[in-house]
Amino acid sequence: MIEKTYQPADIEGRIAQAWEAEGAFKAGRPERRDAPPFSIVIPPPNVTGSLHMGHALNNTLQDILCRFERMRGRDVLWQPGTDHAGIATQMVVERQLMERQEPSRRDMGREKFLERVWQWKAESGGVIVNQLKRLGASCDWSRERFTMDEGLSRAVVKVFVELHRQGLIYKDKRLVNWDPKLLTAISDLEVQQVEVKGNLWHLRYPLDGVDFNPDDPETFIVVATTRPETMLGDTAVAVNPDDVRYSHVVGRHVILPLVGRKIPIIADLYSDPEKGSGAVKITPAHDFNDFEVGRRHNLPQINVLDIEGRIDLVDNEAYLHGLPEGAAQFAEELHGLERFAARKSILARLEELGYLEKIEPNVHMVPHGDRSGVVIEPYLTDQWYVDAKTLAQPAIAAVRSGATTFVPKNWEKTYFEWMDNIQPWCISRQLWWGHQIPAWYGPDGKVFVAESEEEAVGNALGYYVEQEVITPAQAHAMTQDASLREGFITRDEDVLDTWFSSALWPFSTLGWPDDDTDVKRYYPTNVLVTGFDIIFFWVARMMMMGLHFMDDVPFPTVYIHALVRDEKGAKMSKSKGNVIDPLHLIDDYGADALRFTLAAMAAQGRDIKLASSRVEGYRNFATKLWNSSRFAEMNACALPEDFDPTAAKQTLNRWIAHETVRAVRDVTEAIEAYRFNDAAGAAYRFVWNVYCDWYLELAKPVLLGEDSPAKAETRAMVAWARDEILKLLHPFMPFITEELWAVTAERDTLLTLTPWSRKAEARVEVFDAPALTDPMVPPVMLPAPQVADFSDPAAEAEIGWVVDLVTAIRSVRAEMNITPSTLTPLVLAGASAETRDRAQRWSDVVKRMARLGEISFADSAPQGAVQLLVRGEVAALPLKGVIDVAAEQARLDKELAKAEADIKRVDAKLSNEKFVANAPEEIVEEEKEKREAAVARKAKILEALERLKNAE
RNA sequence: GGGCGCGUAGCUCAGCGGGAGAGCACCUCGUUGACAUCGAGGGGGUCACAGGUUCGAUCCCUGUCGCGCCCA
């Protein structure tokens with residue numbers, strides 16, 4: 001029995017358990033061993049994260065595809081899991097330690113701290129996974145993976161070692177985005193540019209060989225800078241080669257104020273004549289652009305900050321090199337000053353000595369760490385890098401050749417732009433939580449990279465024996481006893497960027513490198529579903545690693561979906577400025593309503609601004625579906641064995657079969673094309689505006705009438721169409737459809753494993769060695785194909801007439817303010833034989849739905865009647881005395897004007913020679929038909945007006 | 001400064017070469033036996049603006065204005 005009211009909260013948990021108990025979402029179910037696989041890897045959410053609207057959308061769309069393909073008979077693997085989120089997780093645990101007033105990370109040491117992280121992960125790391133389950137995500141949860149798992153860690157080590165061996169991973173001294181609070185390098189993508197009101201300080205750098213005089217511009221050159229404190233590390237002044245103001249000084253030198261270093265004036269295009277003074281100081285160790293300029297001109301790199309962003313000059317060889325007497329004292333005075341304090345101090349000194357020309361307010365972008373919130377320091381350090389440029393080449397080629405395509409296609413441009421300008425990928429992080437880099441150093445700093453410590457130590461000891469640094473006996477002892485080699489051979493302390501492991505996700509989760517059974521079956525995956533902000537994070541890196549290690553793209557299709565405006569609120573709701581929490585929406589309206597809303601709004605290429613009223617609207621849709629199933633149940637509608645909808649006798653039943661087949665086709669094709677909003681829209685309209693509004697209403701007289709073959713057939717058809725609807729909606733609304741599936745009949749299987757109906761026009765082919773990368777391989781478990789091709793234009797014409805007639809009468813009744821209790825007679829004037837037949841067949845229904853009394857026929861409409869045009873014929877409501885003649889006249893006049901306007905417009909077109917000559921034939925034909933129809937309409941309206949006049 | 005995208009009904013959004021649609025809101029009517037989380041009917045839009053291409057432009061092109069995002 002179906003419950004009286006639809007209560008999503010009551011069914012969702014129970015249904016989820018049913019799926020779980022059946023193992024419905026497990027990949028490799030025995031009966032699908034020979035089915036073509038369909039696989040998706042989830043873009044692994046951050047283990048510290050919780051479900052936001054973006055996740056809800058992303059996973060709803062993946063789930064629609066997975067459920068759809070599962071119902072089409074494929075062996076679906078939706079691979080779930082989370083990533084270990086190095087910085088974020090480490091920060092969460094550190095905060096926890098602080099709150100509990102426990103020893104800090106550094107106090108407890110690395111090993112103890114990592115234990116605590118794992119403990120945290122065990123206790124709180126699964127939050128988002130459970131939230132995804134509430135959403136209904138049909139992942140194979142038994143295969144859940146974590147980037148720090150043993151298996152995935154082995155993949156990481158193997159990839160690192162192999163890339164290192166191939167020269168694609170190397171150690172280099174370059175500028176990185178340094179977080180002086182977290183004390184680690186971070187990626188470009190973790191840096192946020194924030195607009196800051198600062199200043200542009202104009203500094204006078206005295207020219208070498210002349211006496212500096214602040215009042216004589218001939219004795220100095222002015223440079224403008226936003227970061228005066230970095231002047232300590234300046235190694236040149238650059239001017240634009242085309243800037244005539246400075247051409248005479250190129251090649252000369254300046255003496256760096258305060259410091260006393262003699263540095264050259266160079267010509268470089270980087271210097272923009274329009275900006276500041278046109279001359280710019282070059283600090284290769286503290287600015288990314290300057291770093292490049294420095295490389296072009298072989299400038300020294302002088303780092304003047306320590307890891308915490310404090311001035312670091314004492315014992316700084318690079319800085320002190322070549323400085324005059326007294327430099328050491330100046331160095332001591334500034335040493336240890338925090339960078340912003342140093343700025344003040346340096347500016348004060350410059351001003352005092354006449355080196356500060358002016359201060360100009362300046363708004364500019366300053367990089368901030370998205371986790372720490374502090375200003376990021378471009379910082380010169382030794383880090384590990386991936387040669388991304390080399391790895392990117394095949395990844396670029398794969399998209400150019402179409403081996404991987406983006407949907408929508410315009411995102412390929414973004415992809416290319418990034419890939420073409422890709423920089424070396426800094427993969428080391430100065431953190432503890434993550435994959436520790438498999439590199440060991442000897443006493444001279446020589447690096448040994450290997451998959452295991454034993455191997456690395458063996459290689460190292462062998463090398464140092466050969467170099468006669470140690471004796472073979474010492475080496476042997478060190479091999480045996482790790483404590484003996486302490487301080488001699490040490491492991492790199494750093495860990496790898498989280499994205500390094502995420503890049504391997506499409507194959508590491510399948511068991512690589514330990515077992516390639518699943519790799520063979522499920523790689524490449526069929527599609528990656530993600531937001532565009534993630535193209536750089538995941539798509540590019542997965543492409544590079546997949547192509548390099550699997551020799552194939554990780555996915556032939558990348559579906560990029562819209563962004564749901566998030567917690568910043570600016571876009572969410574103008575009035576409230578609040579986030580909409582998907583879990584609250586699930587509480588309020590059910591997961592199905594939320595999912596359907598997201599799907600319905602997921603039009604390609606547009607952001608989603610979600611209004612909860614939309615969710616409410618789709619919850620009402622779910623209720624509608626629920627109640628229509630109740631109606632079917634109350635009328636004992638059940639599907640008999642071997643029911644063949646195409647063999648139905650009743651026109652109404654043939655009509656709904658026809659409409660159902662069409663809906664199945666529309667929905668199927670839309671999902672195939674990733675047009676989720678069209679799919680949802682087609683299903684919605686069919687269920688509500690076709691099945692509920694008309695089919696069930698038109699079927700009521702039969703269902704409420706006496707038993708007959710027609711009634712039996714109708715009961716069967718109501719049930720058949722309902723089942724088709726449940727299947728059609730299941731990918732979108734899995735919970736309610738599964739529940740209704742269970743309570744409306746005895747079922748062999750869960751709905752989620754029930755075959756999808758075959759769409760019309762699909763090629764009926766036996767599954768035969770398809771390309772496994774084709775996401776739209778025909779399914780193997782196909783039901784009766786004859787249904788797919790069914791179509792009945794005659795039934796469509798007849799029911800269409802009924803619908804039009806009822807609608808027209810209702811409309812005019814409302815317009816004339818005729819109360820529902822007034823039953824009006826209907827006269828069909830000059831009706832064709834076909835119309836007479838139809839009218840007789842549908843008399844009961846039309847009477848009931850249009851609130852009619854008797855239906856009769858006449859040659860022409862009675863005098864003083866309201867006359868309606870239904871499919872070219874006149875339907876008259878004799879309402880003498882009831883209607884307002886003047887109002888009816890006005891109504892007809894309006895219609896007449898409309899018809900005349902139509903004729904005029906079409907005539908304008910048809911009389912245009914160019915239109916007739918240039919427009920496609922079918923368009924011209926269409927216009928002619930439109931004209932004929934309008935002319936006929938006009939004639940009928942004129943007749944009607946005439947009769948109205950006579951009535952007066 | 002460069003790139004991408006968006007300005008369509010009061011609100012949130014579809015459509016995108018041949019006289020514009022949905023959900024919500026609004027107005028009128030409805031206690032008929034699936035459903036008031038409902039039913040019937042209705043009002044409401046020079047599709048930002050200006051040019052151009054075209055037989056024809058909300059849709060394609062150019063520019064302007066407004067807004068958003070990404071990258072410098």
Side-chain angles (χ1 to χ4, degrees), chain A residues 2 4-8 188-189 193 272 274-275 288-289 364-365 408 410-411 413-414 416-418 421 532-533 535-536 562-563 565 570-575 589-590 593 596-597 600-635 637 675 677-678 680-681 684-685 688-689 692-693 696-697 700 703-704 718 806-821 848-851 901-902 905-906 908-920 922-924 926-927 930:
Chain A
I2 300 178
K4 176 129 174 67
T5 54
Y6 164 55
Q7 306 278 12
D188 293 348
L189 301 157
Q193 300 294 334
D272 181 353
E274 308 287 317
K275 265 189 188 165
F288 287 98
N289 290 308
H364 60 128
M365 302 301 269
N410 56 312
W411 290 110
K413 193 180 162 88
T414 307
F416 288 135
E417 200 150 309
W418 195 70
N421 297 306
F532 73 83
D533 50 332
I535 291 177
F536 310 138
L563 219 62
R565 294 298 172 189
K571 278 273 152 187
M572 262 308 200
S573 163
K574 277 175 194 163
S575 48
Y589 304 112
F596 201 89
T597 307
M601 296 182 79
Q604 290 182 7
R606 201 192 238 242
D607 288 347
I608 293 181
K609 269 192 284 178
L610 195 62
S612 61
S613 62
R614 290 297 293 265
V615 188
E616 191 179 347
Y618 290 118
R619 189 275 318 271
N620 294 351
F621 174 60
T623 304
K624 189 76 182 173
L625 173 69
W626 184 270
N627 285 314
S628 70
S629 296
R630 268 190 81 222
F631 173 77
E633 183 180 67
M634 292 165 74
N635 284 282
C637 296
R675 301 185 61 91
N677 59 323
D678 287 343
Y684 181 96
R685 283 190 300 274
W688 201 318
N689 304 123
C692 291
D693 285 350
L696 294 184
E697 291 302 326
K700 275 178 183 173
L703 291 171
L704 299 172
V718 166
V806 170
T807 305
I809 296 171
R810 280 173 170 172
S811 180
V812 78
R813 286 180 60 109
E815 241 172 279
M816 298 279 146
N817 279 325
I818 298 166
T819 59
S821 53
R848 183 174 148 273
M849 295 184 79
R851 314 289 302 153
D902 283 353
R905 175 163 32 77
V906 176
K909 277 191 177 184
L910 288 174
S911 64
N912 183 338
E913 284 172 31
K914 288 177 177 171
F915 171 74
V916 181
N918 293 322
E922 61 267 28
I923 295 291
V924 177
E926 230 171 76
E927 293 296 327
K930 271 189 210 164

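As judged by a 4.0 angstrom heavy-atom cut-off over every strand, A/S811 is placed among residues touching the sugar-phosphate backbone only. Residue contacts for A/L704: at a heavy-atom cut-off of 4.0 Å it reaches a base atom on one of the strands shown. Using a 4.0 Å heavy-atom distance criterion, A/T807 is classed as a sugar-phosphate-only contact. Among the heavy atoms of the strands lying under 4.0 Å from A/E697 is at least one base atom, whether or not backbone atoms are also near.
B/A40 atom P lies 15 Å from atom CD1 of A/I809, rounded to whole Å. In this structure, A/D693 atom CG and B/G39 atom P are separated by 6 Å, rounded to whole Å. Atoms CZ (A/F631) and P (B/C38) sit 18 Å apart, rounded to a whole Å. A straight line from OH of A/Y6 to C1' of B/C38 spans 17 Å, rounded to a whole angstrom. In this structure, A/D678 places its CG atom 12 Å from C1' of B/C16, rounding to the nearest Å. Look at CG on A/L703: it is 13 Å from C1' on B/G33, rounded to the nearest Å. One can place CZ of A/R630 at 14 Å from P of B/U37, the figure rounded to the nearest angstrom. Taking atom CD of residue A/E417 and atom P of nucleotide B/G2, one finds them 13 Å apart after rounding to whole Å.
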Whether each nucleotide of nucleotides 17-32 of chain B has a protein heavy atom under 4.0 Å at its base (B), only at its sugar-phosphate (S) or at neither (-) is summarised, 5' to 3', as -BB--BBS--------
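For A/R619, whose side chain is taken as the heavy atoms from C-beta onward, the closest listed nucleotide among B/U37, B/A34, B/G3 is B/U37. Nearest nucleotide to the A/K413 side chain, out of B/G3, B/A14, B/C35: B/G3.
Using modelled atom types, no side-chain atom of A/R630 and backbone atom of A/T5 make a donor-acceptor pair closer than 3.5 Å. Without hydrogens or angle criteria, A/R851 side chain to A/P820 main chain gives a donor-acceptor distance under 3.5 Å. Using a distance-only test at 3.5 Å, with no hydrogens or angles considered, a donor-acceptor pair links the side chain of A/E633 to the main chain of A/I2. In this structure, the side chain of A/S811 does not engage the main chain of A/T807 through any donor-acceptor pair within 3.5 Å.
The phosphate of B/G33 has neither OP1 nor OP2 within less than 4.0 Å of any side-chain N or O from A/K700.
Note that CZ of A/R619 is 13.5 Å distant from CH2 of A/W626, once rounded to the nearest 0.5 Å. A distance of 9.5 Å separates CG of A/N689 from NZ of A/K624, quoted to the nearest 0.5 Å.
Under the 4.5 Å side-chain criterion, counting only non-hydrogen atoms from C-beta, A/C692 is not in contact with A/N627. Under the 4.5 Å side-chain criterion, counting only non-hydrogen atoms from C-beta, A/L625 is not in contact with A/Y6.
Note: A/Y684 and A/W688 have tilted aromatic rings, judged against thresholds of 30 and 60 degrees for the angle between ring planes.
Nearest heavy-atom pair, A/L910 versus A/V916, reported as atom, atom and distance to 0.1 Å: O-CG2, 3.3 Å.
The P atoms of B/C38 and B/G23 are separated by 11 Å, rounded to the nearest whole Å. When the C1' atom is used for both B/C60 and B/G2, the distance is 24 Å, rounded to whole Å. Comparing the C1' positions of B/U58 and B/C6 gives a spacing of 14 Å, expressed to the nearest Å. Remark: the separation of the C1' atoms in B/A36 and B/U31 is 10 Å, to the nearest Å. Here the separation of B/C47 from B/A20, taken at their C1' atoms, is 8 Å to the nearest Å. Using atom C1' as the reference point in both B/A50 and B/G66, the two lie 15 Å apart (nearest Å). One P atom belongs to B/G7, the other to B/C16, and the distance between them is 13 Å to the nearest Å. Here the separation of B/A25 from B/C11, taken at their P atoms, is 15 Å to the nearest Å.
Geometrically, A/K700 engages A/F631 in a cation-pi contact, judged by NZ or CZ lying under 6.0 Å from the ring centre and within 45° of the ring axis.
Nearest-nucleotide positions on RNA chain B place A/C692 closer to the 5' end than the other of A/A814 and A/C692.
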Secondary structure of RNA chain B per the Watson-Crick/G-U criterion (both distances under 3.5 Å; [ ] crossing, | other strand, . unpaired) is ((((((((.[[[[.)..(..]]]].(((((.......))))).....[[[[[..)....]]]]]))))))).
